[in-house]
Structures are given as structure tokens and as C-alpha cells.
There are 2 protein chains.
Amino acid sequence: MYTVAEENYIKSIYHLQRHQKSVHTNDLAAELNTRAASATDMIKKLEAKGLLKYEKYYGCSLTKTGKKLALNIIRRHRLWEFFLSEKLGFGWEEVHAVAEQLEHVQSDLLTDKLDVYLGFPLFDPHGDPIPDTLGNMAAREQTPLSLWTSQAPAEVCGVGSQDESFLEMLSLKQLEIGCRLTVLRHFNFDKTVELQLATGSSFTISEMLAKNIFVKPVEV
Amino acid sequence: MYTVAEENYIKSIYHLQRHQKSVHTNDLAAELNTRAASATDMIKKLEAKGLLKYEKYYGCSLTKTGKKLALNIIRRHRLWEFFLSEKLGFGWEEVHAVAEQLEHVQSDLLTDKLDVYLGFPLFDPHGDPIPDTLGNMAAREQTPLSLWTSQAPAEVCGVGSQDESFLEMLSLKQLEIGCRLTVLRHFNFDKTVELQLATGSSFTISEMLAKNIFVKPVEV
DNA sequence: CGAAATATTTAGCCAAAGCTAAAAATATAT
DNA sequence: ATATATTTTTAGCTTTGGCTAAATATTTCG
């Protein structure tokens, strides 16, 4: 069994590892809203437990065991998100905070029974894929709006951040998951994107926002 | 917000308070598998937070605030037990351990939405009543087998302990929740109880066991 | 009643996980 | 390439929750 703190470190290291191959102390501390010194301490502890490899002043990266644990935590998190949204009627922007707590309930039996009960969902309410028992998950068939060049109508199917101010902005601009839109044009100068909603209204969004909204072709 | 340790102390004090009016340090320590010294420390902390009143060498008892918290924790615990049993198909003897973890997820929104989702259940799978938002709960319409004198068939609807060895014994003797039985007689000498199952088999159980099995009249 | 047994508290430690401040290593920049 | 800036680590302290051993209250019993 692992402590909540350990699990949170493992999860953060896993997420950071998608971008940088080796995870640096400062980045990890920033991700967890803590200090570099604390991160160093925990990294050492996790290395002792065989969950990651660590080279002083260079960084760390998860071992096979560490990755497996990370995927299990992510699995729990996303299954709970799905449950909260689908079964309890939580707004998709409310689920994250509660799932942060639920993900630390350690019982594989619970996780697997929940998975069965939910019908083995492949994606959580944010469009992120849910790992199965072995850690395998579907690839997200998603393109950030910033890269979507097709004229064809697109459906919002994922977001790149759980930040509250970001999610608030989305719902303000009526860019919820499942909503349909068309990209009118990309402005090369400042990378802003002009788009039109199914309701007919059109407006321009920043590059930052466009990078964090994922879309896919509208299904027939 | 309260820590997991604090919540567990509050819950234990609440349970002990049903029997003794004032809860003694040693009993509390025993209940929580810890030592008297640790209990003293925590009692002081909880008093400082206004959750209980404490008199040195005498004991402690929950304040109004403390009781409210206790009932909220119990509410969460029993709702999760119901969920695990009803929705996920856990055996009723498996739910307790997992609910011990789930009960510490702190989100009133979650608790209330879960309650709605489950259809405002009144009793958990062990037959214990589930408090509502205000802390009110149904009285358990249950009699311990040791006091059941009626000739009429009875239905097992509750248990007086979550102890593993006890629950194991129950399932071994096929005395699950919901099962039907008739009490053949009470032996005055050693307070054992002879009973007959719906299957026809009959046997005698100890006073200890009889006190911990709750029954109610079979519903028509 | 007073001595022995029992219960409770105090004092002093430990481990986990965090922090600050200072030291050491690495990276950058003129 | 050396000086400066940044990053990382170390050292030492804090809080939470638990422990043991010793001290102090309380209860019980001869």
C-alpha cells in the first residue's frame, strides 16, 4: 500500500514524463504546489521503494513498477470521474476535485467492480482514455482546435487542462464537451482561431485556449 | 475539514457513547487499536476544536458539533456500504472494509448526490439505519435473536458486529441477511438458542452469537 | 483505611511529509 | 573560460499521529 502523498507524486511524475523524458525536481514541485526540497526527499523515498530511477541533479523517471502504479491511479481517477458524471449527475467541470479524493481508495476489487458496473467505459468526461486492468488504453482520437484545419464540422470531445479558470471560461463561451462547431479560419499573426457554434454565433479564441480544446470529426 | 485520524476518533467515540455515557481513554484506545497515551493526545486536540468535552481522568463526550460530525461520517459510511452491496454486487460481509476508506471522502455534494442516486435508502446492508442530511435516522425495527420469543418465522435483518470472525461464522452457518428462520427454544441454563432454518436444518447457537443477530417479523 | 491494582496522563521519542535557508552542482552568458 | 544565475541538494526545524516508560490519579479489596 502507498500513502496518498506517494500516489500523488507518482501520478504527477507520470504526467510530466509525457513531455520531458526525465522529470526535474523543480517541475515536479511546481506541479504539486510544494517545494523542491520536499520533492527531493520524496523522490529518494520512491526510489528506495523501486518505483523510479533517480540521478542526482539530473532528474527521475518511473520504473516499470512505477508506471504500472501510475496507470492504476489514473484508472481509478477516471473511472470515478465517469461515475460522478454519468451516474450522479455531476457537471463535467465538478468531477475532478472529488475524483482526486476517490482515486486514493485502495481496493482493486472495488476498481474492477466499478469498471464492470459502468460498462467498461473507454473515456472519462474530459475525453481522457481510461486504462484497463493491464494499463492499456485507447488512443484519444482528438485534435487540438489549434491544429484542426478541416472545414468539416467538429465536435468538442476533450480538454487539455482541469484548471478551474479554464473550465469556467469554456462553459461561459458555451464550449462544452459534445458541442458542435466549425473552424472559420486560423489567424497566422497571433495564432487565434475564429470559430462558429452550431447556434450560429461566431467569435475568436486565443491560441492558449485553442490548444486546450480537443475536437474530433462529427460522427454520422 | 478534518483528518482521517480525527474522523475515526469521532466515529469511535460516538459508537462507544451509546453504551457508556462518558467515553474512557482505554476503551477508546482499544476500539481504535492504539494506545491510551495516543488517545489522550487526540482527545485534547478534538476538545480544542470544540468537538467534545473532556475531563481529566474521567472521560470525554461529544458536543453537539461533534455528534453532527459523527452522524455525517456514519451517513457516508452506510451510504457507501449500500452502494457497494446494491450496485456493485459486493458480498455484504465485504463492504465494511472498503466503506472504511470511502467514508473519509469529504464532499457533502457527493454524499447528497449519492443518497439521491441510491433512492434515499433507510438501512445499510447490515441492517443499520442511514442518517439523513440532518442526522435523523429510522429506528432499527430489529430484535436480537436472544430476545426473540415469538413462534412466528423471523427474518435476519441485521448484525451487531462487523468483526470478521463473526461474519465468517454467520456465512458458515448460513445465517445471511434476509434468511428466514424459526426459534425452537431458548435454553435457560446457558442462554443458547435452538433455531431452524427455512431449509429445515436446525441447530443451537451460543448466547454471544444470538445477541449479535437481529431479526424482524417476516413481511407478508 | 491503606495497599495493590488499574487507569490516565506526562515526558520524551519516532516517522512521514512538509518547510526555510544555506551549500553545492549545473547551466548560461558575457 | 570564468563569473553569474539557476537548479538541486543538504541540514535542521515543524506538525501530525503514534509509541514506550515513568509518573500520577483513581478504584478496589483485604
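Lettering follows sequence order; numbering is per chain, from 1.
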Side chain to side chain contact (heavy atoms under 4.5 Å, CB included) with A:E7: which of A:H104, A:H77, A:M1?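 The side chain to side chain contact (heavy atoms under 4.5 Å, CB included) with A:E7 is passed solely by A:H104 among A:H104, A:H77, A:M1.
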For DNA chain D, determine which residues of residues 2-14 of chain B have any heavy atom closer than 4.0 angstrom to one of its atoms, and list them numerically.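 By residue number: B:T3, B:A5, B:Y9.
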Output yes when at least one side-chain N/O atom of A:K45 is less than 4.0 Å from OP1 or OP2 of C:dA17, else no.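 Yes, within the criterion.
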Under-4.0 Å side-chain N/O to phosphate OP1/OP2 contact, A:R35 with C:dT20: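 Looking at the OP1 and OP2 atoms of C:dT20, one of them is under 4.0 Å from a side-chain N or O of A:R35.
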To the nearest Å, give me how far apart [atom1] ([X]) and [atom2] ([N]) are.
X     : N      : atom1 : atom2 : answer
A:M42 : C:dA15 : CE    : C1'   : 12 Å
A:E47 : D:dT8  : CD    : P     : 16 Å
A:L32 : C:dC19 : CG    : P     : 10 Å
A:L46 : C:dA16 : CG    : P     : 12 Å

Using ring centroids (six-membered ring only for Trp), state whether B:F83 and A:F83 fall under 6.0 Å.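 Centroid distance A:F83-B:F83: below 6.0 Å, so yes.
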NA contact type, A:S38, heavy-atom cut-off 4.0 Å: base, sugar-phosphate, or nothing?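 Answer is base: heavy atoms of A:S38 come under 4.0 Å of a base.
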Result block: side-chain N/O donor-acceptor pairs under 3.5 angstrom for residues 169-177 of chain A, not counting sequence neighbours:
unit_1: A:S171; atom_1: OG; unit_2: A:E168; atom_2: O; d: 3.3
unit_1: A:E176; atom_1: OE1; unit_2: A:W92; atom_2: NE1; d: 2.9

Tell me, which pairs form a salt bridge (Lys or Arg N to Asp or Glu O under 4.0 Å) where one or both residues lie in residues 45-74 of chain A, sequence neighbours left out?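 For residues 45-74 of chain A, and leaving out neighbouring residues, the salt bridge (Lys or Arg N to Asp or Glu O under 4.0 Å) pairs sorted by first residue read A:E6-A:K49.
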Considering only NZ, NE, NH1 and NH2 on the basic side and carboxylate oxygens on the acidic side, decide whether B:E103 and B:K11 come within less than 4.0 Å.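 Salt bridge: yes.
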Mind checking whether A:I73 and A:Y2 have side chains closer than 4.5 Å, heavy atoms only?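 A side-chain contact under 4.5 Å is absent here.
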Contacts table for residues 18-28 of chain A: side-chain donor-acceptor under 3.5 angstrom, sequence neighbours left out:
unit_1: A:Q20; atom_1: NE2; unit_2: A:D27; atom_2: OD2; d: 2.9
unit_1: A:H24; atom_1: ND1; unit_2: A:Y58; atom_2: O; d: 2.9

Listing, residues 107-118 of chain B side-chain donor-acceptor contacts under 3.5 Å, not counting sequence neighbours, or none:
unit_1: B:S107; atom_1: OG; unit_2: B:L110; atom_2: N; d: 3.0
unit_1: B:T111; atom_1: OG1; unit_2: B:S107; atom_2: O; d: 3.1
unit_1: B:D112; atom_1: OD1; unit_2: B:R75; atom_2: NH2; d: 2.8
unit_1: B:K113; atom_1: NZ; unit_2: A:G89; atom_2: O; d: 3.4
unit_1: B:D115; atom_1: OD2; unit_2: B:R75; atom_2: NH1; d: 3.0
unit_1: B:D115; atom_1: OD2; unit_2: B:R75; atom_2: NH2; d: 3.2
unit_1: B:Y117; atom_1: OH; unit_2: A:Y117; atom_2: OH; d: 2.3

Contact pattern, 5' to 3', of nucleotides 2-14 of chain C - B, S or - by protein heavy atom under 4.0 Å: -----SBBB----
